[in-house]
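Along the sequence shown, residues are numbered consecutively beginning with 1.
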Amino acid sequence: MNQLTEGIRVIYQSTIRMEREQVIYFDPYGVKEHAQDADIIFITHDHYDHFSPEDFAKVRKADTKIIIAGDTDVTKENQMLKCDAAFLPIGGTYTMNAKEAAKLANIIHPQVVAPIHYGCIVGEPKDADVFEKMLEPGIACIKLMEFGE
């Protein structure tokens with residue numbers, strides 16, 4: 001596993017759990033464990049597979065901070081981003097498809113990129129292979145999706 005993605009799990013759809021100094025969740029949905037260990041929860045938008053109060057309750061503790069972010073797309077602003085690691089949606093319904101996401105990844109050129117938002121509700125598991133094949137050399141693709149296992 002790449003050290004940039006150490007401690008990171010893609011639990012289901014776009015549900016990302018990152019454990020470093022704090023436990024951070026992005027878009028908890030499809031959460032099976034009642035961990036109640038989140039220090040911070042990021043919600044990207046109000047689609048049901050990103051904004052699930054039932055799943056917040058499974059990971060939220062008394063002092064959890066909840067923060068609203070934004071959907072990712074190939075926009076002028078996103079093309080100017082520079083980052084070491086990126087989590088890009090590739091499902092193609094309400095988000096970029098694999099080809100569009102690869103285009104953005106090649107523009108922002110992170111060291112490592114993990115495809116998300118595919119193979120569960122929208123998109124198919126093979127979309128990650130299409131995405132990976134379109135990445136420029138020097139961008140590592142880390143497939144972290146657990147598909148509800």
Exercise. Would you find a donor on one side and an acceptor on the other, under 3.5 Å apart, between the side chain of N106 and the backbone of A102?
Worked result: yes
Exercise. Any donor and acceptor pair, going by atom type alone, linking the side chain of D27 with main-chain N or O of T44 inside 3.5 Å?
Worked result: yes
Determine whether [X] and [Y] make a side-chain contact, defined as any pair of heavy atoms from C-beta on separated by less than 4.5 Å.
X    : Y    : result
F42  : I16  : no
D84  : V112 : no
D39  : I24  : no
V59  : Q36  : no
C141 : P115 : yes

Which heavy atom of [X] sits nearest to which heavy atom of [Y], and what is that distance?
X    : Y    : result
I139 : A105 : CD1-O, 3.5 Å
M145 : I116 : CE-CA, 4.1 Å
G91  : V122 : CA-CG2, 4.0 Å

For this session: Dump the intermediate steps for side chain to side chain contact (heavy atoms under 4.5 Å, CB included) on Y118 and L88, then the final yes or no.
Result: CA-CA 10 Å; Y118 71 99; L88 299 179; over 6 Å; no
Problem set entry | Whether over 12 other heavy atoms sit under 6.0 Å from K58 NZ | yes
For this session: Indicate whether the side chain of D49 and that of Y12 have a donor and an acceptor atom separated by less than 3.5 Å.
Result: no
Problem set entry | Residue that, paired with D37, satisfies side chain to side chain contact (heavy atoms under 4.5 Å, CB included) out of R17, E19, Q22 | R17
For this session: Would you mind telling me which of V31, T15, I11, I41 makes a side chain to side chain contact (heavy atoms under 4.5 Å, CB included) with D55?
Result: V31
Problem set entry | Pairs meeting criterion salt bridge (charged side-chain N to carboxylate O under 4.0 Å, His left out) with involvement of residues 113-124, two or more places apart | E124-K126
Seminar exercise, completed: Those residues at least two apart in sequence (or on a different chain) that pass salt bridge (charged side-chain N to carboxylate O under 4.0 Å, His left out) with K65 are none
Exercise. Are the aromatic ring centres of F51 and Y29 under 6.0 angstrom apart?
Worked result: no
For this session: Treat each ILVMFWY residue as a node, draw an edge where side-chain heavy atoms are under 4.5 Å apart, and state whether M80 and V113 are in one component.
Result: no
Could you list the donor-acceptor pairs under 3.5 angstrom formed between side-chain atoms of residues 130-138 and any protein atom two or more places apart in sequence or on another chain?
unit_1 : atom_1 : unit_2 : atom_2 : d
E132   : OE1    : K143   : NZ     : 2.8

